[in-house]
Structure formats: C-alpha cells, structure tokens
Asker: 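Take this structure first; my questions come after.
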Amino acid sequence: MAARTVAVVLAGGVGERMGAGRPKQLIEVGGRPILAHAVGAFDAHPGVDEVVVVMAAGHLRDAAAIAAPFGKTAAVIEGGDTRTASTVAALRVLDGRPDDVRVLFHDAARPFVDRPVIDRVLAALDEHEAVAVGVPSSDTVVVVDGGVVASMPPRETLTRFQTPQGFRLGTIRKAYELALADPALRATDDCGIVHRYLPDVPIRVVEGSERNLKVTQPLDAVLAEHLATEVTP
Ligand code: CTP
Ligand code: MG
C-alpha cells in the first residue's frame with residue numbers, strides 16, 4: 001500500500017498585519033471562510049488521505065465547525081505562539097506514524113492552492129524528501145543594510161516560496177528534533193528548518209501559482225474576494 005499522505009493546514013496565527021480583530025483565516029471570501037477554502041482544496045485532492053488543522057488558541061470551536069464537514073478532517077488541534085510551534089504541535093499528532101508517510105504543510109492563509117500545485121508537490125515527493133513551491137520574483141529583490149543596497153542577487157535566481165511544503169515524515173521529524181535542541185532556533189517555514197538542520201537534504205522546488213497568494217494585509221483580502229468570485233481561473 002502506498003504511504004499515507006497527511007495535509008496539515010496551519011491556522012495558528014492571529015493575523016496581526018490584517019488587523020481584522022480575529023484570525024484572518026476566519027474572514028469570508030467568496031462566501032466561505034478562508035480556512036474552508038484551504039481545507040477544501042486538500043479534502044478534494046485524491047492523493048490526500050487526512051487533513052489536520054492547527055488553530056489559534058481560543059478559536060478551536062470555529063475551526064472545528066469549519067473543518068467538520070470535510071470528510072478527511074482527522075484532527076483539529078491548538079497551535080503555538082509561532083508558526084514553528086504550530087508545526088511541532090502537528091508533528092506530535094503524527095508521532096508513531098512510519099517515516100515514509102508524506103506530510104504537506106500549508107498556510108491556511110492561502111485559500112487558492114489548487115490541484116495542479118498539490119499534484120506537483122506529491123509527484124516530486126516520490127523522488128525527494130523535501131519539496132517546496134516557488135514562483136519567480138517579478139520585482140528585483142535586493143539586500144539592504146542600514147538603508148543602503150548591500151548586494152543585488154541576480155533576479156533569475158530568486159524565487160518566492162509558497163506552500164504547501166512537502167516532506168517525508170522521517171525527514172521533517174529529524175530536522176525538528178535537531179532544531180528544538182538548538183537554543184538559537186529561528187526559521188520562518190519548514191523548508192527553512194530542513195535547510196538549516198539537514199543541509200545535505202536537497203529541497204526540490206516545483207512551480208507554484210500566482211493565484212496561491214497568502215492573505216496577509218487588508219489589500220490581499222480585496223484581491224482574494226475578487227479571485228474567489230471570478231468565473232475563469
Ligand atoms: N501560523 C500558525 N501558527 C502561528 C503563526 C502562524 O499556524 N503561531 C500560520 C498562520 O495561521 C498562517 C501561516 O502560518 O496560515 C502563515 O503565517 P502568517 O501569514 O504570518 O499569518 P499570521 O501569523 O496569522 O499573521 P501575522 O504575522 O500578520 O500576525
Ligand atoms: Mg505571522
């Protein structure tokens with residue numbers, strides 16, 4: 001039997017930059033909460049067996065109500081103060097599962113992840129232990145130090161990361177074990193943890209989608225509403 005695939009939808013943040021007075025994943029776009037869009041995308045994917053939702057403390061009931069109608073919802077759990085802590089909470093749920101289980105970590109704040117993107121991550125996971133989703137940067141990105149340009153990496157080498165990020169469970173478990181033993185731990189995403197603590201593991205990057213935006217600031221909610229209601233993708 002093929003290894004099982006678990007999608008973890010990370011909704012443990014409170015959406016400070018959005019400033020909506022409640023976690024941004026509870027805001028409705030196209031008539032459904034952002035969280036419902038994200039969970040629904042994985043629930044509908046034939047390659048995904050289970051969905052685990054990690055929710056901000058104090059909002060578990062909302063998350064459970066949103067996730068319950070989806071048949072693949074396996075657990076709705078409380079996250080931590082940082083995205084890393086929320087990921088660790090999800091890994092605890094998967095304690096005891098075999099190393100070859102495939103786990104996808106997705107930002108709940110990305111409601112428009114679609115089947116082709118998930119397909120590409122799952123296909124790449126057949127060959128690789130860690131997979132990221134990226135889109136080319138259309139802006140020039142520079143390193144600024146003290147208000148002046150310190151360096152200008154060539155634009156064609158720069159990629160903006162999205163989610164889902166996919167891993168063999170054994171690999172991400174090992175990376176977090178090492179990370180949690182490091183008092184200087186810092187990272188913004190799960191590939192960052194693998195890159196830092198398992199530097200010999202190549203992280204395969206597959207093509208993302210401009211539609212797979214992360215709703216972060218009020219302007220993104222306007223864009224998301226538009227994307228949720230447009231007729232043609
Ligand atoms: N996340 C999480 N647990 C945290 C922090 C973030 O699961 N403690 C999740 C968010 O819910 C989101 C994703 O990680 O789906 C990306 O984080 P971000 O866009 O930064 O969301 P927030 O942390 O909620 O927003 P902000 O940083 O503006 O407060
Ligand atoms: Mg955040």
Side-chain angles (χ1 to χ4, degrees), residues 5-29 32-43 48 50-70 72-97 101-111 113 132-133 161-167 169 171-182 185-194 196-197 212-217 220-221 224:
T5 299
V6 181
V8 174
V9 177
L10 291 164
V14 293
E16 246 173 69
R17 287 169 287 181
M18 180 64 69
R22 61 190 172 136
K24 61 194 180 186
Q25 54 274 24
L26 298 175
I27 295 171
E28 292 199 359
V29 298
R32 287 200 299 162
I34 285 174
L35 178 60
H37 288 270
V39 172
F42 291 95
D43 187 79
V48 172
E50 297 169 47
V51 179
V52 172
V53 177
V54 185
M55 191 60 186
H59 301 276
L60 277 172
R61 293 242 302 257
D62 289 329
I66 290 167
F70 295 100
K72 292 179 187 171
T73 300
V76 178
I77 61 165
E78 186 174 317
D81 286 346
T82 61
R83 190 186 186 282
T84 300
S86 293
T87 305
V88 170
L91 285 174
R92 297 234 162 89
V93 172
L94 302 176
D95 267 354
R97 301 281 194 102
V101 162
R102 301 190 293 183
V103 54
L104 308 182
F105 290 100
H106 183 68
D107 295 331
R110 297 184 189 273
V113 58
V133 169
F161 266 8
Q162 302 180 332
T163 65
Q165 295 184 344
F167 306 91
L169 181 56
T171 301
I172 192 70
R173 202 151 43 195
K174 178 80 198 155
Y176 269 95
E177 221 173 86
L178 296 168
L180 292 175
D182 177 1
L185 163 65
R186 59 184 161 79
T188 57
D189 66 15
D190 308 300
C191 279
I193 297 278
V194 170
R196 190 175 166 100
Y197 295 98
N212 185 20
L213 82 163
K214 181 158 72 72
V215 178
T216 305
Q217 311 193 31
D220 299 323

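Remember, predicted model here, so these are calculated numbers, not experimental data.
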Asker: What is the distance from atom CZ of Arg110 to atom CG of Leu213, rounded to the nearest 0.5 Å?
Answerer: 7.5 Å
Asker: Side chains of Phe105 and Phe167: does their closest heavy-atom pair fall under 4.5 Å?
Answerer: yes
Asker: Does atom CG (Asp182) have a neighbourhood of more than 12 heavy atoms from anything else shown, all under 6.0 Å?
Answerer: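 Atom CG in Asp182 is packed in, count exceeds 12.
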Asker: Under 4.5 Å between any side-chain heavy atoms of Leu26 and Ile66, yes or no?
Answerer: yes
Asker: Does Arg17 use its side chain to pair, donor to acceptor, with the backbone of Gln217 at less than 3.5 Å?
Answerer: no
Asker: Please report the C-alpha distance between Val52 and Val6 in whole Å, then the side-chain angles of each, then the deciding distance to 0.1 Å, and finally whether the side-chain contact (heavy atoms from CB on, under 4.5 Å) criterion is met.
Answerer: CA-CA 7 Å; Val52 172; Val6 181; 3.9 Å; yes
Asker: Can you give me the closest heavy-atom contact between Ser86 and Gly80, atom names plus distance?
Answerer: OG-N, 3.1 Å
Asker: Once salt bridge (Lys or Arg N to Asp or Glu O under 4.0 Å) is applied, what residue pairs with a partner in residues 82-94 remain, sequence neighbours excluded?
Answerer: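 Applying salt bridge (Lys or Arg N to Asp or Glu O under 4.0 Å) to every pair that reaches into residues 82-94, excluding sequence neighbours, yields Arg83-Asp107, Arg83-Asp190.
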Asker: Donor-acceptor pairs are to be reported for all side-chain atoms of residues 53-64 against protein atoms at under 3.5 Å, with residues two or more places apart or in another chain.
Answerer:
none

Asker: If every non-hydrogen atom of His106 is compared with every non-hydrogen atom of Ala38, which pair is closest and at what distance?
Answerer: CD2-CB, 4.1 Å
Asker: Under the criterion side-chain contact (heavy atoms from CB on, under 4.5 Å), I'd like the reasoning laid out for Val51 against Phe70: C-alpha separation, chi angles, the key distance, then a yes or no.
Answerer: CA-CA 9 Å; Val51 179; Phe70 295 100; over 6 Å; no
Asker: Keeping the roles fixed (side chain from Gln25, backbone from Ala108), state whether a donor-acceptor pair exists under 3.5 Å.
Answerer: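 No, Gln25 side chain to Ala108 backbone: no donor-acceptor pair under 3.5 Å.
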Asker: Report the residue from Val215, Asp220, Ile34 that forms a side-chain contact (heavy atoms from CB on, under 4.5 Å) with Val29.
Answerer: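 The passing option is Ile34.
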Asker: Sub-3.5 Å donor-acceptor pair from the side chain of Thr216 to the main-chain atoms of Lys214, do we have one?
Answerer: yes
Asker: Would you give the length of the straight line joining atom CD1 of Ile193 to atom OG1 of Thr87, rounded to the nearest 0.5 angstrom?
Answerer: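 Nearest 0.5 Å value for the CD1-OG1 distance: 8.0 Å.
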Asker: Compare every heavy atom of Val48 with every heavy atom of Phe42, then report the nearest pair and how far apart it is.
Answerer: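 It is O-CB, 3.4 Å.
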Asker: Please answer whether the main-chain N or O of Asp43 pairs with a side-chain N or O of Lys72 as donor and acceptor at a distance below 3.5 Å.
Answerer: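 Yes, Lys72 side chain to Asp43 backbone: donor-acceptor pair under 3.5 Å.
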Asker: How long is the span from the CD atom in Gln162 to the CG atom in Asp189, to the nearest 0.5 Å?
Answerer: 12.0 Å
Asker: Under the 3.5 angstrom rule, does the side chain of Glu50 hit a backbone N or O of Ala74 as a donor-acceptor pair?
Answerer: no
Asker: Going from CG on Leu178 to CG on Leu185, what distance comes out if it is rounded to the nearest 0.5 angstrom?
Answerer: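 It is 11.0 Å, given to the nearest 0.5 Å.
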Asker: Over all heavy atoms of both residues, which pair between Gly166 and Leu104 is shortest? Give the atoms and the distance, please.
Answerer: CA-CD2, 3.7 Å
Asker: About how many Å separate CD1 of Ile27 and CG of Leu35, when rounded to the nearest 0.5 Å?
Answerer: 12.0 Å
